Structure formats: structure tokens, C-alpha cells
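As C-alpha cells, the structure follows; a few thoughts come after it.
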Amino acid sequence: MSESIIIAETNKGSIAPVTAELVSAAIALGTSPIVVVPCTDAAMADNAGYDGVSRTIAVKGDCFANYDAASWAAAIDSASPSGIIIAAATPQSKDVASRIAARRGLSIVQDVVAIDGMNLTSPIYSGKAMQTVALSGDAAVSIRANIFGAAASSAANVSVVDQSGDVATAVQEIIARASTRLDVAEANIIISGGRGMGSPDNFSHLEKIADVLGAAVGASRAAVDTWEQIPHSMQVGQTGKTVNPNLYIAVGISGAIQHLAGMRSSKYIVAVNKDADAPIFAHADYGIVATWEETLPVLESALSSMMS
Amino acid sequence: MNLMPNIVVLVKRVPDTNARIVVNGDRVDLSAVKWVISPYDEFAIETALQHKEADGGSVTALTLGPAGADKILKDAKAIGVDEIVRLWDDSWSEMDSNATQSALAQAITNIGAEVVYCGKTAADTGAGSTGPGIAERLGWASVSNITDASFGGGLTVTSPVENGSAKISVSGNAVISCDKGNLKVRKPNVKGIMMAKRAQVNVVGADAPASSVTIVSQTPPPAKPAGKKYEGGSSAEEVARLLRDEANVI
Ligand SMILES: Cc1cc2nc3c(=O)[nH]c(=O)nc-3n(C[C@H](O)[C@H](O)[C@H](O)COP(=O)(O)OP(=O)(O)OC[C@H]3O[C@@H](n4cnc5c(N)ncnc54)[C@H](O)[C@@H]3O)c2cc1C
Ligand SMILES: Nc1ncnc2c1ncn2[C@@H]1O[C@H](COP(=O)(O)O)[C@@H](O)[C@H]1O
């Protein structure tokens with residue numbers, strides 16, 4: 001069986017859960033995965049052992065203190081054997097995987113949502129169509145979260161490689177996000193508001209429900225463009241973020257094609273809209289035809305009593 | 001980064017984002033769509049023009065595509081780029097990322113660029129591979145998904161990181177991919193449109209390796225089974241219960 005190289009997804013100094021899903025994807029591809037952990041402290045790799053993974057390589061280097069695509073790609077590339085490269089379809093991992101693929105003269109297939117032998121399927125045209133491609137030989141592949149089941153954890157067989165790359169960019173300053181809320185790109189549950197919320201102050205009703213569920217709050221472009229209190233970082237859609245949560249709750253959002261582009265692959269979609277003909281209902285698993293004013297208080301109290 | 005930089009902006013022709021995408025046989029049928037510059041490439045054009053306004057130099061818009069892509073190059077010209085170049089070889093079709101990036105990297109080298117701006121993702125592929133992939137082939141730095149840029153002797157860009165965003169200074173040659181950010185993109189003016197009509201597209205070629213990733217099929221997205229629909233806000237209680245007991249997502 002040929003080897004594949006999983007680039008572990010890291011988040012705030014630890015291994016992100018999606019890494020376990022990458023292991024399942026690697027096995028679905030008929031490969032035997034090795035996990036590579038980019039880190040400044042090799043102890044992090046101790047948590048990157050999974051059933052079906054023979055070894056874990058901690059690539060330890062100063063360059064991993066801040067994200068710099070060139071040095072990350074160089075260091076990960078030199079520490080990794082040949083094989084299919086597998087990364088999570090997050091903005092940073094798609095970026096670094098693109099550079100590693102180019103270093104090796106390989107092609108890259110991004111945002112894979114299904115694997116059948118060596119055939120990989122991804123959305124194209126913002127999800128208005130799907131494309132299946134066949135690999136012949138090695139390639140790099142990024143995999144969307146919440147598609148493959150997580151491989152079970154087991155003891156990691158870690159070897160440490162000291163490796164650094166030339167850093168080509170310098171971070172001058174980090175501007176912390178004003179809100180301490182979870183970012184939509186990282187959330188498993190998202191509740192988003194649109195122009196139908198009427199005013200930015202009314203987003204507080206969404207925040208209350210987000211707090212109950214541990215969810216992130218998102219927005220449509222109309223909300224972001226109309227109200228300066230709603231930052232672009234919250235925008236979901238074609239010119240915002242593409243999200244793939246387990247649950248997406250759209251409130252006062254009509255469901256324009258460009259909004260759908262960013263969220264239609266969510267596992268479950270709930271829509272709250274006063275217009276029974278709003279296009280969002282065609283994509284909703286559970287639709288509520290009502291105003292948010294009459295719906296959100298009921299939803300909040302029902303969820304609160306269930307979660308407590 | 002030098003004063004008077006030779007700047008390239010990558011632009012791609014894609015179907016208008018409102019276009020209906022139909023599948024015919026096992027391929028998407030684009031014969032009836034309206035074509036536009038990929039939305040994020042408009043931010044790349046704006047950033048490139050601002051860079052030139054700050055540091056001098058020139059901006060070349062480069063696309064890899066068939067003759068039909070001349071239209072978007074002229075659109076870029078109308079917005080204000082100096083030169084327009086189309087990279088093509090009639091033997092090319094369904095190129096994979098390796099072939100596309102190799103060809104574009106050669107064209108960028110031949111143009112003599114020092115900085116390249118491109119879109120964060122193209123509206124058709126949604127991939128976000130091209131910018132960083134080209135940077136690697138050129139041995140350059142890259143910063144992706146920037147939301148802001150400032151110039152004047154050096155290049156400083158803003159890009160998202162965990163917990164916020166980072167201001168990053170870039171020394172040396174680089175490929176920068178552009179997100180929407182805070183930029184207002186300029187629209188073509190009458191003079192620009194007149195100039196664009198007369199503009200000559202410079203058509204160039206390059207070598208492209210054979211594709212190792214081949215398209216098997218393009219299909220409509222899987223139809224979603226009809227959901228459950230309720231009237232009235234009080235139904236939120238039932239929906240909450242279903243989210244727990246039926247969907248198992250909370
Ligand atoms: C190139 C391009 C890129 C774009 N990118 C994006 C993108 O990234 N993301 C995005 O979202 N859009 C994007 N758009 C815009 C998109 O086309 C729509 O204009 C936008 O999504 C509409 O936002 P909305 O649904 O909040 O507003 P509207 O379309 O105005 O819908 C508001 C909805 O709220 C409902 N409503 C009103 N009052 C209430 C109430 N009290 N209770 C419940 N429901 C109520 C209404 O029935 C209506 O359905 C893009 C457009 C273009 C051309
Ligand atoms: N054929 C092409 N011609 C010119 N630029 C391209 C082409 N393909 C991709 N690009 C550039 O690379 C960006 C990202 O494309 P992608 O990697 O396909 O998501 C686009 O927004 C363009 O700026």
C-alpha cells in the first residue's frame with residue numbers, strides 16, 4: 001500500500017479534530033497515512049496518533065511560530081516522504097498544500113467532499129455543480145471538514161525532525177479580533193442574520209442563541225454592506241467565507257445564490273423567514289415561516305432547556 | 001520591493017455569479033452564460049493599480065484562456081491596467097493545476113514581473129491554489145487572502161490569522177492573493193472604455209506539462225430531499241427537538 005502524508009491541522013497550539021477525519025480520507029484513498037505535525041514544540045505531536053497511522057513526524061522549527069507560506073511549505077516538504085499529500089480544506093492548509101504540491105511538481109485537488117477509489121469529487125461554480133476527477137499518481141488533496149468520520153485516537157509513534165525554512169514575510173503586528181466570539185470558519189454550528197434582522201442591534205438575539213449552542217454568528221452580504229457594525233469577517237457566501245458546519249441557521253436571509261454558495265453544503269440547514277416563498281426554504285431541512293421576532297425567543301428557550 | 005515595479009495582475013474569465021449552471025452529458029455547458037472577470041480578481045486589479053499609483057511602474061493584466069477571454073482583458077484595460085496579455089495554446093484543454101501554474105509562471109517570468117496580484121479563489125474552481133502555487137514555482141514569497149495593502153517603498157499587507165488579522169511586511173518578489181477587504185474597486189470611465197476598444201491583446205505561448213489529474217465528470221449538485229416546513233414562531237420548539245432527536249446536531 002502506498003503512503004500518504006497528512007498535514008495535521010493545528011489550532012491555537014493543539015491538533016484540530018479535523019485531523020482525525022483526514023486519516024479516514026487517507027484510508028478511503030487506499031493509502032497508508034503518516035501524520036506530519038508542523039510545530040515549535042514537538043510535544044504537540046503526542047496527540048496526533050490514530051488507528052491506522054504507523055508513524056507521526058513532528059516537524060519542529062522556529063518558522064512555525066507565525067504563518068509564512070514559503071517557509072512552512074519548504075520545511076514540511078523536506079520532512080515528508082513522497083506520497084499523496086492530504087490537508088484540511090481550511091484557508092491556511094489549502095495555501096500551504098498548494099505550495100508543497102508546486103514544489104513537487106504535483107497537481108492539487110481542493111475541497112474534496114467524496115472519495116471513490118482514486119476518484120475525488122469537489123464542488124465547482126460555488127456548488128452549482130460537482131466535479132469528479134481521477135488521480136494518476138501522486139497529488140495534493142484538501143478535504144472538507146464534517147464529511148469523513150473521525151479515526152479513533154491511539155498512541156502516537158513520534159519521530160522529531162528539526163527543520164526550518166527561510167521566512168520570506170515578517171509579521172509586524174497582530175490585530176486581535178474585536179469580538180471574542182468564535183469565527184464562522186471554525187464553528188460547527190452557525191446562526192446567521194440577514195437584512196431581515198432590521199437593525200444591527202437585533203443581532204443580539206442571534207448572539208444569545210449562539211451562546212446557548214456554542215455557535216458562531218454569521219451574516220449575509222446585505223447585512224454587512226448595510227450596517228457597518230457587522231464586519232466583513234462575519235460574511236458567509238461567494239465573497240465571504242465558505243462554511244461547512246453541522247448546523248446552519250439562517251434568519252431573515254432570502255437565500256440568494258451567492259449566499260448559498262457559502263453555506264449550501266452545511267449538513268443541516270434551518271431557515272427562519274417571514275416570506276414562505278423565500279428561496280432559502282428550498283435548501284432548508286427545517287423551515288419556519290414566521291418573523292424572527294416571534295421565532296427566536298421560542299427557539300432560545302427551547303434550546304436553553306434542552307442544553308441545561 | 002523596488003520603486004517602479006513591474007506588476008502583473010492575474011485575471012480569469014468565469015460565468016457571471018448569477019448564471020445558471022447547466023450540465024449536458026458529463027460536462028457543464030457554458031455556451032449560454034454571460035462571462036465576467038472573476039469577482040476577487042477585481043480586488044486584485046484595484047490593489048495592483050493602487051500599488052502603481054504609490055510606487056510607479058506598470059500593471060500588466062495576464063489571463064490564461066482561449067480567444068473568448070480577450071473581452072475580460074479589455075474590461076481590465078478599461079479599468080486602468082497598462083498592458084493586456086493572453087496566454088494560450090490551441091492544444092490546451094482541461095488543464096490541471098500543475099499545467100496551469102507552470103504555464104502562468106513562465107509567462108510571468110517572461111513579462112519580468114516583480115509582484116503578482118491575483119484573486120483569493122476563482123469563482124469557477126473555488127480552489128485558491130494558483131497564487132501560492134505560482135509563487136512556489138518562481139521561488140517567491142506569497143501571502144493569501146489579503147484584505148488590505150499599503151505601499152510606498154515597501155509592501156505591507158493585512159491577512160487573517162487565528163484570532164484576528166496580521167499586518168505583514170513582504171520583502172522581495174511576491175504573489176499576493178486578494179480577498180474582498182475594505183477596498184472600493186473603481187469602475188471603468190468613458191475614456192478608459194474608448195481606450196480599451198482600440199487596445200491590442202498581446203497573445204503569448206508557454207510549455208505546459210501534461211495533466212495528471214483528469215476530469216471524469218461534471219454533474220448537477222445532489223438534490224436535497226425536501227425539508228419540513230412549519231408556520232408560525234411557536235414551531236421553533238418542535239424544530240429544536242428535531243435538531244436534537246432527528247438530526248443529532250445539538
Ligand atoms: C458578485 C456578488 C457576490 C455576492 N456575494 C455575497 C456573499 O458573499 N454573501 C451574501 O450573503 N450575499 C452575496 N451577494 C449578495 C446577494 O446577491 C444578496 O443580495 C444577499 O445575499 C441578500 O442578503 P439578505 O438575504 O440578507 O437580504 P434580502 O435579500 O433583502 O432578504 C431579506 C430577507 O429577510 C426576510 N425578512 C424580512 N423581515 C423579516 C422578519 N422580521 N423576520 C424574518 N424574516 C424577515 C425577507 O422575507 C427576505 O427574504 C453577492 C452578490 C454579488 C453580485
Ligand atoms: N486561467 C487563469 N488565467 C489567469 N489567472 C488565473 C487563471 N486561473 C486562476 N487564475 C488566478 O488565480 C486566482 C485563483 O484561482 P484558483 O486557484 O483557480 O482558485 C484567480 O482568482 C486568478 O486571479
Side-chain angles (χ1 to χ4, degrees), chain A residues 12 67 69-70 73 91 94-95 98-99 102-103 106-111 119 124-137 139 168-177 213 232 238-239 246-247 257-258 268 270 281 283-290 294-295 298-299 302-303 306, chain B residues 15 17-18 21 23 28 39 96-98 101 123-129 132-133 135-137 141-145 161-170 172 180 212-221 224 227-237 239-240 242-244 247 249-250:
Chain A
K12 300 185 181 73
Y67 181 62
K94 284 171 67 172
D95 194 54
S98 300
R99 287 198 70 129
R103 282 181 84 79
L106 301 177
S107 278
I108 180 157
V109 184
Q110 304 276 29
D111 295 292
N119 285 1
I124 52 172
Y125 300 100
S126 313
K128 289 193 248 181
M130 306 301 288
Q131 175 167 282
T132 299
V133 299
L135 302 186
S136 53
T169 59
V171 174
Q172 291 180 336
E173 149 184 30
I174 304 266
I175 308 141
R177 198 163 36 231
L213 293 173
H232 178 252
Q238 174 107 41
T239 41
N246 275 326
L247 172 60
I257 190 80
Q258 296 92 351
Y268 281 89
V270 173
F281 284 123
H283 301 269
D285 300 279
Y286 305 110
I288 301 177
V289 184
E294 50 172 327
T295 311
V298 180
L299 188 61
L303 292 171
M306 278 165 46
Chain B
T17 60
N18 280 310
I21 298 295
V23 174
V28 159
D96 66 7
S97 68
N98 186 39
Q101 292 168 20
D124 51 359
T125 65
S129 316
E136 189 65 60
R137 285 159 208 275
S142 62
V143 183
S144 294
N145 311 333
V161 291
E162 265 177 30
N163 302 326
S165 54
K167 273 199 160 167
I168 297 167
S169 58
V170 184
K180 176 169 183 272
S212 63
V213 170
T214 50
I215 300 176
V216 176
S217 66
Q218 295 174 333
T219 52
K224 206 168 165 146
K228 297 182 173 150
K229 206 164 165 187
Y230 301 88
E231 297 278 341
S234 58
S235 58
E237 196 167 344
V239 169
L242 290 170
L243 288 175
R244 182 188 57 188
V249 285
I250 57 175

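Since the model is a prediction, treat every value here as computed from it, not as a measurement. Proteins get letters first, then strands, A, B, ... in listed order; numbering begins at 1 in each.
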| field | Interface moiety of D124(B) toward chain A, non-hydrogen atoms closer than 4.5 Å | value | both
| query | When rounded to the nearest 0.5 angstrom, what distance separates OH in Y286(A) from CG in L243(B)? | reply | 6.0 Å
| task | Counting only heavy atoms closer than 4.5 Å, note whether N119(A) contacts chain B via side chain, backbone, both or neither. | result | side chain
| field | Max heavy-atom pair count under 4.5 Å with chain A, selected residue of A166(B), S217(B), S144(B), G126(B) | value | S217(B)
| request: Quick one: which of V109(A), V171(A), I288(A) has the most heavy-atom pairs under 4.5 Å with chain B, could you say? | output: I288(A)
| said: Could you report the tightest heavy-atom contact between L303(A) and A240(B), atom names first, then the distance? | reply: CD2-CB, 3.9 Å
| request: Would you mind telling me which of R103(A), M130(A), K94(A) has the largest number of heavy-atom pairs within less than 4.5 Å of chain B? | output: M130(A)
| query | Do S98(A) and Q110(A) have side-chain atoms, one donor and one acceptor, less than 3.5 Å apart? | reply | yes
| request: Sort Y125(A) into side chain, backbone, both or neither according to what part of it lies under 4.5 angstrom from a heavy atom of chain B. | output: both
| query | So what's closer than 4.5 Å to chain B heavy atoms on A73(A): side chain, backbone, both or neither? | reply | side chain
| request: Sort Q101(B) into side chain, backbone, both or neither according to what part of it lies under 4.5 angstrom from a heavy atom of chain A. | output: side chain
| query | Of the backbone (N, CA, C, O) and the side chain (C-beta and beyond), which part of P221(B) lies under 4.5 Å from a heavy atom of chain A, both, or neither? | reply | both
| request: Sort S234(B) into side chain, backbone, both or neither according to what part of it lies under 4.5 angstrom from a heavy atom of chain A. | output: backbone
| field | Contact leader toward chain B among A170(A), A290(A), A302(A), where contacts are heavy-atom pairs under 4.5 Å | value | A170(A)
| remark: Closest non-hydrogen contact found for S142(B) with R99(A) is OG-NH1, 2.7 Å
| Interface residue of largest heavy-atom contact number with chain A, from V23(B), T214(B), D96(B), V143(B), under 4.5 Å | T214(B)
| said: With a 4.5 angstrom heavy-atom cut-off, is it the side chain or the backbone of V270(A) that approaches chain B, or both, or neither? | reply: side chain
| field | Separation of M306(A) CE from E237(B) CD (nearest 0.5 Å) | value | 10.0 Å
| Heavy-atom contact with chain B under 4.5 Å, split by part of E294(A) | both
| task | Can you tell which part of T125(B) gets under 4.5 Å to a heavy atom of chain A, answering side chain, backbone, both or neither? | result | backbone
| query | How about Y230(B) and L242(B): do any of their side-chain heavy atoms sit closer than 4.5 Å? | reply | yes
| said: I need the minimum non-hydrogen distance between P91(A) and N145(B), along with the two atoms involved. | reply: CB-ND2, 3.7 Å
| query | Quick one: of A70(A), S107(A), A102(A), who has the most non-hydrogen atom pairs under 4.5 Å with chain B? | reply | S107(A)
| When only pairs under 4.5 Å are counted, which of A141(B), S97(B), P39(B), P15(B) shares the most heavy-atom pairs with chain A? | S97(B)
| remark: Cut-off 4.5 Å, heavy atoms of chain B, and the answer for I124(A) is both
| note | Residue from G137(A), S136(A), G127(A) scoring the most non-hydrogen pairs under 4.5 Å with chain B is S136(A)
| Donor-acceptor under 3.5 Å (Q172(A) side chain, K167(B) main chain) | no
| Contact check, side chains of T17(B) and I257(A), non-hydrogen atoms, under 4.5 Å | no
| query | Can you tell which of G164(B), G233(B), G128(B), A123(B) has the highest number of heavy-atom pairs within less than 4.5 Å of chain A? | reply | G233(B)
| task | Output the distance between atom OH (Y67(A)) and atom CD1 (I168(B)), rounded to the nearest 0.5 Å. | result | 9.5 Å
| field | Toward chain A, the part of V213(B) with a non-hydrogen atom under 4.5 Å | value | both
| query | Do you know which of P220(B), A135(B), G133(B), S129(B) has the most heavy-atom pairs with chain A at a distance under 4.5 angstrom? | reply | S129(B)
| query | So which part of K228(B) gets closer than 4.5 Å to some heavy atom of chain A, the side chain, the backbone, both or neither? | reply | both
| task | Below 4.5 Å from any heavy atom of chain A, which atoms of V249(B) appear? Answer side chain, backbone, both or neither. | result | both
| field | Minimum side-chain heavy-atom gap N98(B)-R137(B) below 4.5 Å | value | yes
| Part of E173(A) lying under 4.5 Å from any heavy atom of chain B | both
| request: Please determine, among I108(A), L247(A), T239(A), N246(A), the option with the most heavy-atom pairs under 4.5 Å with chain B. | output: T239(A)
| Atom group of L213(A) that falls short of 4.5 Å from chain B, counting heavy atoms | side chain
| Is any side-chain heavy atom of I215(B) less than 4.5 Å from a side-chain heavy atom of Q131(A)? | yes
| Proximal component of D111(A), with respect to chain B [non-hydrogen, under 4.5 Å] | side chain
